[in-house]
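Throughout, protein chains are lettered first and strands after them, A, B, ... in sequence-line order, and every chain is numbered starting at 1.
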Amino acid sequence: MIEYCNELEAKIENSSLRRSYDTTAQGQESCTFGPQMPARHFNLTSLVVAPFMLDPTPQATKTAIAPRRKEDFPEWYQQVIRAAELAEPSDVRGCMVIRPWGYGIWENMQRQLDRMFKATGHRNAYFPLFIPLSYFEKEAAHVEGFAKECAVVTHSRLEVNAEGRMVPASPLTEPLVVRPTSETIIGASYAKWVQSYRDLPILINQWANVVRWEMRPRVFLRTTEFLWQEGHTVHETEAEARAETKQMLDVYETFVRDHLAIPVFSGEKSESERFPGAVQTLCIEAMVQDRKAIQAGTSHFLGQNFARASGIQFQSRDGQQELAWTTSWGMSTRLIGTLIMAHADDDGMILPPRVAPTQIVIVPITPKEETRPAVFAAADELAAGLRTLSYQGAPLEVEVDRRDLGGGVKNWEWIKKGVPLRVELGPRDLESGNVAVSRRDQPVKTKQFLPRPELIERAVELLDSIQQNLFDRALQFREANTRVIDSREEFYNFFTPQDAGKPEIHGGFALAHWNGSRAVEEQIKNDLKVTIRCIPFDDPGNPVASGACIFTGEPSPRRVVWAKSY
RNA sequence: CGGGGUGUAGCUUAGCUUGGUAGAGCGCCUGGUUUGGGACCAGGAGGUCGCAGGUUCGAAUCCUGUCACCCCGACCA
């Protein structure tokens with residue numbers, strides 16, 4: 001056994017995979033495993049593998065996804081989406097088809113977020129897809145911000161022309177804008193609903209699709225049509241509206257951290273990155289594996305701007321007519337893209353158990369026809385046992401893969417889809433009472449044998465451990481690529497690729513002092529394509545609270561987060 | 001909208017310079033052997049070569065136009 005382990009260790013070394021194992025073997029009595037399929041046994045809950053350790057060197061063994069992250073990150077991203085059957089580009093430019101596996105993730109996100117919205121007193125409603133142009137024109141900054149990406153409906157009928165083609169006919173008296181966001185149309189309703197301070201607050205959320213005619217679409221990250229939720233609230237006082245804005249950002253941060261297993265910086269946007277029409281935009285920013293930043297959620301304090309535009313006013317406690325204070329906040333299917341870029345590896349998707357459409361897949365191994373019924377029966381029985389468990393307030397989702405395919409093929413499909421736990425059950429396990437369990441956050445060949453009752457007993461613990469490990473990895477990655485920077489030169493070096501012709505993955509988050517000027521921000525953007533992602537609430541750089549702007553030497557109250565972004 | 005590039009089977013592509021009636025790998029279908037790490041053997045289906053026009057006896061190949069997509073810029077959840 002010892003000899004065998006050493007041999008295996010050597011193979012791992014030679015495969016040029018830089019992996020770090022706990023090789024003390026936890027005394028699993030094992031090798032019930034056939035000689036043709038050796039496997040080492042690890043303690044499943046103690047092993048933590050950091051993302052960089054999972055990176056094979058370019059010459060390493062074949063991975064399920066080509067190219068690898070290091071070779072071509074954007075292409076890798078698209079290939080993961082395809083391999084995991086999350087979505088596909090449609091014939092409609094800029095639009096995507098979200099496939100069942102991808103939509104299942106979205107449904108889980110919806111369910112959990114919705115629960116959090118309800119818990120903070122919000123209710124769902126639905127407002128029209130079409131916004132009359134005149135409504136849209138009411139808030140100047142808002143129009144300016146969205147005008148360039150609006151889809152506009154101008155006709156109400158099709159007719160057959162002389163060439164037999166369908167052509168739009170019957171122009172509308174007033175064009176309709178397909179909502180890029182709903183502040184104005186919802187504001188029109190709110191204006192009717194609000195008369196007295198007793199009608200406040202209004203706390204409403206809507207789940208909807210929106211359309212923004214983007215120049216350069218990318219599946220999930222920037223599509224012409226996307227799905228989201230938009231919360232719209234109205235308040236009596238500024239303080240209450242500001243508190244709501246912050247509260248919902250906190251909900252987002254909690255959701256992304258606890259359910260998507262992604263750490264974020266939360267803070268405020270600089271003026272140039274602010275939502276059109278907002279007084280203040282709060283955001284959470286995540287780092288993904290090419291070290292870029294991605295905005296994972298935003299919450300806006302709209303002041304009285306939209307109340308003024310839509311005429312939302314009320315009679316106050318002392319009988320005065322006053323403008324209300326409004327907020328809006330949103331999260332979109334872009335989060336699925338964020339999830340992919342944050343967690344997936346060179347073998348495909350890796351799903352945090354809390355949003356996985358299926359948490360556990362059981363793969364029956366049926367080498368001989370005569371053993372098949374018994375194996376299937378055992379698999380079904382195990383699945384039934386697991387389904388009695390509750391996970392995150394819902395029954396555990398367990399699938400038995402009965403397809404008549406080779407065990408390897410099935411296994412790899414589930415690896416690419418990112419199912420958290422894979423369970424193999426074959427004829428030999430019928431006698432031993434064991435199953436082979438693999439975690440998606442560990443190297444694909446790692447297995448542990450567990451007696452079936454123990455798997456049922458420990459399933460939730462294993463899923464929690466995966467959830468935690470994904471977060472730990474992501475945090476470790478972010479910390480490894482976040483740098484406190486105190487000089488302009490270091491800043492420029494940090495964000496300048498070694499090879500300008502074929503930029504490698506470089507940079508990350510820079511925590512640096514800034515004098516608050518828009519001009520400086522503009523300059524940095526022009527030079528390096530780097531922007532301020534957020535002005536954090538707490539100083540994450542910590543060494544000194546205040547300091548000097550590294551570009552101008554002027555005083556700076558705090559460090560801000562700089563990065564290239566999606 | 002500016003600059004560059006590419007269009008051949010579901011995917012990746014060969015052929016194009018030097019015109020002669022379309023080939024491969026993967027995937028798919030059927031049968032058999034397989035199935036505990038991405039299987040193998042045999043057979044099979046699938047393409048008006050992006051589209052339109054032109055040159056020619058003959059066009060994937062040459063010419064003109066057009067459309068779509070990709071990459072780089074301006075914009076963005």
Side-chain angles (χ1 to χ4, degrees), chain A residues 32-39 61-66 72 74-75 78-79 82-83 88-89 91-94 144-149 180-181 210-218 220-230 252 269 272-273 275-276 281 283-286 294-300 328-338 347-348 363-369 371-372 375 403-416 422-430 432 434-436 438 443-447 449 500-503 525-526 529 531 565-566:
Chain A
T32 48
F33 227 48
Q36 76 277 27
M37 188 48 234
T61 50
K62 188 186 170 193
T63 53
I65 305 297
D72 185 344
E75 182 60 23
Q78 299 196 90
Q79 293 304 326
R82 179 141 70 136
E88 62 191 24
D91 293 340
V92 185
R93 191 196 136 82
E144 199 186 326
F146 284 107
K148 279 172 285 185
E149 51 195 53
T181 178
V210 285
V211 167
R212 295 182 187 177
W213 215 263
E214 296 291 349
M215 290 289 101
R216 270 213 255 141
R218 286 187 67 189
F220 289 125
L221 297 177
R222 204 188 299 107
T223 46
T224 300
E225 179 191 15
F226 59 92
L227 306 183
W228 78 347
Q229 88 17 244
E230 47 181 327
Y252 287 160
K269 282 292 184 197
S272 61
E273 299 274 330
F275 176 78
T281 290
C283 64
I284 53 173
E285 292 280 330
I294 185 163
Q295 180 171 297
T298 50
S299 184
H300 314 292
S328 68
W329 26 275
M331 269 195 165
S332 73
T333 39
R334 183 181 228 202
L335 280 176
I336 300 175
T338 307
D347 287 319
V363 179
I365 307 295
T366 56
K368 296 191 190 73
E369 189 66 46
T371 61
R372 184 166 305 183
V375 171
R403 293 174 303 166
D404 186 20
L405 292 171
V409 174
K410 283 199 262 193
N411 238 322
W412 277 102
E413 280 189 23
W414 292 111
I415 291 166
K416 287 185 280 192
R422 304 188 303 282
V423 176
E424 285 176 46
L425 200 165
R428 282 194 288 272
D429 305 315
L430 292 182
S432 69
N434 285 345
V435 285
S438 303
V444 293
K445 292 184 181 174
T446 307
K447 295 184 183 182
F449 284 85
K502 192 175 181 296
K525 188 176 180 179
N526 288 339
K529 294 180 210 150
T531 49
S565 76
Y566 278 96

*Asks:* Separation of A:Arg222 atom CZ from B:C75 atom P, in whole Å?
*Replies:* 12 Å

*Asks:* Between B:C72 and B:U56, how far is it from one P atom to the other, in whole Å?
*Replies:* 44 Å

*Asks:* In whole angstrom, give the distance that lies between atom NZ of A:Lys416 and atom P of B:C11.
*Replies:* 17 Å

*Asks:* Given atom CG of A:Asn526 and atom P of B:A74, what is their separation to the nearest angstrom?
*Replies:* 8 Å

*Asks:* Could you give the CD1-to-C1' distance, from A:Ile294 to B:A77, as a whole number of Å?
*Replies:* 8 Å

*Asks:* With rounding to the closest Å, how many angstrom separate the C1' atoms on B:G7 and B:C11?
*Replies:* 15 Å

*Asks:* Should B:A39 form a Watson-Crick or G-U wobble pair with both distances under 3.5 Å, which nucleotide is its partner?
*Replies:* B:U33

*Asks:* Is any N or O donor-acceptor pair between the side chain of A:Arg372 and the base of B:U35 shorter than 3.5 Å?
*Replies:* yes

*Asks:* How close or far is atom C1' of B:G36 from atom CH2 of A:Trp412, stated in whole angstroms?
*Replies:* 15 Å

*Asks:* In whole angstrom, give me the gap between the P atoms of B:A45 and B:U8.
*Replies:* 23 Å

*Asks:* B:G36 base to A:Asp429 side chain: any donor-acceptor pair below 3.5 Å?
*Replies:* yes

*Asks:* B:A14 and B:C26: how far apart are their C1' atoms, nearest whole angstrom?
*Replies:* 15 Å

*Asks:* Closer to the 5' end of RNA chain B via nearest nucleotide, is it A:Pro217 or A:Leu430?
*Replies:* A:Leu430

